[in-house]
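In what follows, chains are A, B, ... by sequence order, proteins preceding strands, each numbered from 1.
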Amino acid sequence: MNDLIPMLGGFLSDPFELFNIPIEEWVTQFVNWLVDTFRSFFRTYVSPPVKAVMESVQWLLTSTPPLIFLAVLFVIGWRSASWKVGLFAIIAFTIIGFMGLWDGLMVTLSLVITAVLFCLVIGIPIGILCSRKDLTYTILRPILDIMQTTPPFVYLVPAVMLFSIGNVPGLIATIIFAMPPTIRLTNLGIRQVPGQYTEAATAFGSTPRQILWKVQVPLALPTIMAGLNQTIMLALSMVVIAAIIGAGGLGLEVFQGLNRLDIGQAFVGGLGIVLLAMVLDRITQGLGDKAPGNRAGGDE
Amino acid sequence: MNDLIPMLGGFLSDPFELFNIPIEEWVTQFVNWLVDTFRSFFRTYVSPPVKAVMESVQWLLTSTPPLIFLAVLFVIGWRSASWKVGLFAIIAFTIIGFMGLWDGLMVTLSLVITAVLFCLVIGIPIGILCSRKDLTYTILRPILDIMQTTPPFVYLVPAVMLFSIGNVPGLIATIIFAMPPTIRLTNLGIRQVPGQYTEAATAFGSTPRQILWKVQVPLALPTIMAGLNQTIMLALSMVVIAAIIGAGGLGLEVFQGLNRLDIGQAFVGGLGIVLLAMVLDRITQGLGDKAPGNRAGGDE
Amino acid sequence: MIRAEGVTKIFGPDPDSVPPLLKQGKTKDEIQAETGHVVGVNNASFQVGAGEVFVIMGLSGSGKSTLIRCINRLIEPTYGKIILDDPEFGDQDIASMDEQTLRQMRSSRMSMVFQHFALFPHRTVLSNVVYGLEVQGRDKAEREELGKKYLEMVGLGGWGDHYPNELSGGMQQRVGLARAVATEAKILLMDEPFSALDPLIKVQMQDELIKIQRELDRTILFITHDLDEAMRIGDHIAIMEAGEIVQIGNPEEILVNPKTEYVANFVEHADPTGVITASTVALPFKDRHFEASGEEQDVTYWHRKGYPEIRFGVDKDGKLKRMTFEGNNVSIHALETCINEADNAPARHTDAAVYCQEDTILKQVMRGRAYSELPVVVNDSEGRMTGVIDEPELINGILEKRGYAQDD
Amino acid sequence: MIRAEGVTKIFGPDPDSVPPLLKQGKTKDEIQAETGHVVGVNNASFQVGAGEVFVIMGLSGSGKSTLIRCINRLIEPTYGKIILDDPEFGDQDIASMDEQTLRQMRSSRMSMVFQHFALFPHRTVLSNVVYGLEVQGRDKAEREELGKKYLEMVGLGGWGDHYPNELSGGMQQRVGLARAVATEAKILLMDEPFSALDPLIKVQMQDELIKIQRELDRTILFITHDLDEAMRIGDHIAIMEAGEIVQIGNPEEILVNPKTEYVANFVEHADPTGVITASTVALPFKDRHFEASGEEQDVTYWHRKGYPEIRFGVDKDGKLKRMTFEGNNVSIHALETCINEADNAPARHTDAAVYCQEDTILKQVMRGRAYSELPVVVNDSEGRMTGVIDEPELINGILEKRGYAQDD
Amino acid sequence: HADNHKPGKGVTVQPAVATWTSAIPVSWVYIELLSDLGYEVEDPMSLQNPVAYLAMSEGDVDYWPNGWFPLHDPQLPDNADDTITIFDPLCSGCGLQGYLVNNEAIEKYDIEGIMDIADREEVRNAFDHDDDGKAELYGCPPGWGCHEGINAMIDKFELGDRIDHVDAGYSANFTEALSQIEEGNPTLYMTWGPSAWILKLVPGEDVSWINAPGIVEDENEKASGIDGAVTDPIEMGFVAADIQVAANNKFLEENPAAKELFKQAEIPLKWISQVDGKMSDEDLDDSEVQPLARKWIEENQDKVDKWLKAAREAAK
Ligand SMILES: Nc1ncnc2c1ncn2[C@@H]1O[C@H](COP(=O)(O)OP(=O)(O)OP(=O)(O)O)[C@@H](O)[C@H]1O
Ligand SMILES: Nc1ncnc2c1ncn2[C@@H]1O[C@H](COP(=O)(O)OP(=O)(O)OP(=O)(O)O)[C@@H](O)[C@H]1O
Ligand SMILES: [Mg+2]
Ligand SMILES: [Mg+2]
């Protein structure tokens, strides 16, 4: 009885002393089980194809002679935005090249391109799905939160166990982290399309698919492009972390620079990443500005 | 003459062998100069007030008895969204508490709250500015790219040099990384407000400020809230990196777990961050859903 | 072709709570004040024949748009059936149709002009117009051709490549019109399709509409606030009040025999000269108004009471054979033959009279009166004289929108 | 109060390239086809007096909305001046006003009803209505009171807490109307403010508009496609074609003396009985049409050529003193005094005649003719007889919208 | 015979390399040697310690010559005993670790060891940079072996209320220490060598090793002859780490030649430090260190040939 009062006082001031949830152990056990059970499956069936995709992209990029690469880059920048953007892209890439990081750039670029492609291919359909059904989004929203906020450091280790080091776990971590904005903003953009337009499309007997592609997606495009932009930015921001598990590229420069207190080296790597980001941003911005949905803001 | 041909060939296949831009050195020198010149200024005049703000938030959070804190949390969740969200928040925080991470949670929460507040206070006005003038956004866009993609590892060391170790550089890094979505989506949201509404407001003689607050911001709110959501997510995703420069909190658990290959410990820290993310997400979602701008999607 | 039975739409969280209140005789306003539910449409039943133009009118907020949207299920009716009798789809209830059929029906059978236009802002004018054709899966060349044709029809041939926000309100409305007619669907739902048009273009559009309606035998449901338009193009007019249909009838019926005070007020401002027919306003050729004054050969002479100077010689079949004014015979002409002359005549004849058909509109009758000072004779389709129109009848018709017919 | 001088608006990247082409006499369509520039408004000049209702009409796309938007500078006019003569702001050119003054002017002097309503979707109906008052900085209680008052005025008293998307088109339009008038600004710019309203509510709204216009002496610029509406409320009407103002005048002028074929076509469908006045259609009391037939005491008797049975006894001042029909004296009554009787009379008098004023509208004249069979006499404001209206004049007026006045 | 000469022929080896600079020369020496044995050696992957050991235990990486033990013990995966072999030191006692204080402070406060800072209030306050009443010790990141070592000392001598062991990444910690020293503040930090850190703040010139209690049982175990120590001998507070090769067991089983090489080879600390310094001074890329390694092999051909011979023997 006498003990109870201080206990209660203790509980009130620090209720969490009572007991500890042994989640740590559960997790360790679970991961061990997971790794034991699935390692060979992942390593045999998942990693190789993903790796093959990434490596072929990488092979394509690295085996293209830089001058040809720059020419192609110019054309891409020009067609998707303007010749100014094309020129900017060339200058940016040339600078990175003269910093001696051309190879690293190609590695990082292939990582980012692959990751962003995966994000789009998976994320846009999911975003569309979310915009259709409130329930889907309600369920997905916490999952997106998990994807974006679980520190990659948490799953790096299990990822290495399951997928080995190198590109594949780096790619997977990048996809996980970078996909949510695509999903969220696709969902938001489609939801914001004024009802009168979908209604008009419905009245003409459009199928849901037609409404989607002929009305909703075009009108939501500025928002979807903002999502894509965020996805690219986040993918680039994962480059260093991917390097920690052996994905190489520009991130490695940064990572080494940090560990060696070599601010210059870290900066050069960072500059490379930033220039790459700007180039990708400008190109996607160009695509976005051409989106017909931009007309909707006008004074109709 | 004879040498020229192989040289040319070499240039074509690898043009970047020609020379190296010695950016590394420039940067090192620049940072040295920067640190020499401004260190004492930043350490004396910038760090202490920022630190004071953060520490008072932190003090407030940590000195509140957990049970009272939970009660307040419930009220916040309930008022901003629903009683379900309030309940969820309590459960999530209690779980974190019973994992023995209450103190870390409070430290991280105060970091995130402070960072997000800064992001809003700075980011929304900048976003608005961008939506007003194309030029502003054109200039700002690459800066945002830099903010989001410069790997924090690049500026961690200079940041420590300038601001000392601990909360302050962690907070600054978090703000830098997390602010861009707020700016971008504020800009996008306001730009997407149909011209007819701003025109109507103009016709009634509204000042630009009135148009902004009475028409544009309310109508853009769903998009602005999506930006806020992203800012919160990115702030949380920086928690581990902030821990690397001494900000402590839940990130430290993850960092430590990684350093000693302790999956369980890393996971527990990660879980704490994720639960915190979900709680903040749900609360802000609640606020966003109440935004009057949501009416605009309706079939007017 | 379309039959609506008891269509009801209640807006609000719990629609089922409302019908009992309606049964208790509560009004729309009372229900809204008490329960917050809005009665959009209340128990509307009507029938639209194939090839007919059915006009819906009524106060702002009386439920016209809601009703028309129930027909293609843009709004889900709370209760009621909408039977579509279609050669391809058979007798079907649209209200309970499955998604798939509904879509097919919408794309192949119905199209719609929206009150707020609802043009797609991201598509050019032409590609707005061809939207319905795209959905139907027509090939590109065909689409473009049809699209251009209908854009031409609405007078916007040169605007195909512009975007809707570069067009004036009326131009946008016409694009919406072209988009709807371009699908060549049999049923057109038109929600105030001409509201933003000036009188000239509006008349053109009405003419075009009637033309394509005739050519393709389309069924049209048409909401308008323009009485003259309703009278002009409507085969039947339904008048709505607070969600209910209070009267359905052809234009003249509505104008001449309004069922309620409300309808009467409603049609008060219509210009009757284009709608009201001779038979309506004519003084009926009956004993009460006429007296016989002698016979001659095969005819009996009649004169209107109080006006013995004008005598009508009617044969035993009831046909007008001769007419005298102040004892002199006057010639009798069909109205159509003397309209042109009337327009140019310096003075009105007293030596010639005019006759018209029962369904001749007042405007024409007036032309007859401009030709001759003598009363206009109204004949039925067999040529029998059924009444006469003198100035008082005309004035009464124009001012009061009714004639002696009511008195009988 | 408002004077527009050469207002021009060219849409397109290089507006300055267009005026030379216009000078060369190129049409709007040609310029559009050649250069891609759209001539919104071309050199429009007009003047609106204080307290006047100035109506703008014209084909769809003729530049009405563009013109009205230039007045409050929602659209920046490419060229031209818009002089606002205001007690507070003095004589100012809106086109070159600085931002600050412009804003003040908009919030305190002008308000606008938009063609597409442009209600704020995130605000309730009431808070839409009070928007302008909010901008003016009125306090909350006052705002609510005024807001409710004007919401009541447009017949939407019970809808204050709803959101615009729950309202029908016409209800939304009325909210837009309430929002504009609630600011009690002196100048109202109204872009088809009643286009979505049914005839009953439209007339109510017109009445309300005229009422508040009179009460507060407001100046109104009003775009409409409804000719009758224009005739009814407009002090002056401007007709636009392809960006230009082709005619400005009061309603009757426009109706009776259309300057161009285009204007004539445009007003063809108007109902003239409410607009055209007695003086317009009357047969002028002039030698050409009348002959004298004797004197008696102080009057000279006149009869219309060919109609000797009706004689008008006119004194030397030109006033009608006596009148005979077939030799018998008939009584002469003011039109107003016999309208009621006319409505109920079983037959038309031949022993009584009616006189009206020059500005009496045809509708009234017709009532006079329903009362008496004899011609209606038209007097000027001094009481002098200026003409007579018999049936041919009436019919001519209704059908052709003009009278003998033209011939002279 | 040729087979005998190149026992590694046809075998691809994936090494890892640590992220600090002094790991590079060592790494290159092994790559060169393995190449001499005929192995196909891939570019080494630059990995953080825990990731490297994990990868090694998974067989994704075959070996690295950058193990610092016992320092790295906590970073080994749980199953390391079964999957990883740690060879005899290639450089014994080469990993010097200890606590340092800037020379100015040492002179001013006459400091010989950590206890001077902990016990004397005015010194403690001078070392207290954040005014919490405790002297800052810029130590190791949580999770590293040295982190635990420092905490053990703090616990053992109950220094917790006087010394604040800063929890942060090592770069951050070191940068802060460097900044404080540049600002002229008395500063206590922990570091190791050979490393870039030691080249930044050179013991003897800028800073000095100070005594720390806890490890040494008697006087003989104290380290002597250390450059830049406040006392000689000195109690470093850590055992000097051995630099050791760690390798995947399966790889070793299949490649007795490599295994024998890992057993045999040794590299002198002096050379490692020298190259480390050169890398820092001349800002060399990692690849530019390769010729230096080759040069060292050539200069020590006798020793090297012996190792290679033994390796070839083992492969038979
Ligand atoms: N933003 C714009 N860009 C290009 N052309 C425009 C723009 N706005 C209007 N126009 C053009 O200006 C002309 C006049 O348009 P306006 O809206 O003034 O017509 P309106 O007379 O109001 O017609 P309506 O009665 O149909 O509303 C039209 O030809 C239209 O296409
Ligand atoms: N989404 C909705 N939510 C609630 N009430 C609605 C909604 N849509 C329409 N209503 C209500 O239903 C009633 C009928 O509206 P409807 O749009 O059918 O009117 P209408 O006859 O077309 O009027 P108008 O001539 O003004 O277009 C109105 O009272 C309106 O407020
Ligand atoms: Mg409607
Ligand atoms: Mg207009």
### Task
Determine the interplanar angle of the Tyr197(B) and Phe120(D) rings, folded into 0 to 90°, and report it as parallel if under 30°, tilted if 30 to 60°, perpendicular if over 60°.
tilted
### Message
Can you give me the closest heavy-atom contact between Pro121(D) and Leu219(B), atom names plus distance?
### Response
CG-CD2, 3.7 Å
### Task
Please name the pair of heavy atoms, one in Thr207(B) and one in Arg103(D), separated by the smallest distance, quoted to 0.1 Å.
CA-CD, 3.3 Å
### Query
Is there a side-chain contact between Lys214(B) and Arg123(D), using heavy atoms and a 4.5 Å cut-off?
yes
### Message
For the CG atom on Asp161(D), are there more than 12 heavy atoms of other groups (residues, nucleotides or ligands in this structure) within a distance under 6.0 Å?
### Response
no
### Summary
For Arg106(D) and Ala203(B), the nearest pair of non-hydrogen atoms, with its separation, is CB-O, 3.6 Å
### Message
Could you work out, with side-chain hydrogen bond (donor to acceptor under 3.5 Å, both in side chains) as the rule, every residue matching Glu145(D), not counting sequence neighbours?
### Response
none
#### Entry: From CE (Met112(D)) to OG1 (Thr202(B)), nearest 0.5 Å
11.0 Å
### Glu199(B) side, atom CD; Phe114(D) side, atom CZ - distance, nearest 0.5 Å
5.5 Å
### Heavy-atom closest contact (Ala118(D) atom, Ala200(B) atom, distance)
O-CB, 3.8 Å
### Neighbour count above 12 (heavy atom, 6.0 Å) for Glu215(D) CD
yes
### Contact origin within Arg73(D) toward chain B - heavy atom pairs under 4.5 Å
neither
### Any side-chain heavy-atom pair of Phe204(B) and Ser107(D) under 4.5 Å
no
### Query
At a heavy-atom separation under 4.5 Å, does Gln136(D) approach chain B through its side chain, its backbone, both, or neither?
neither
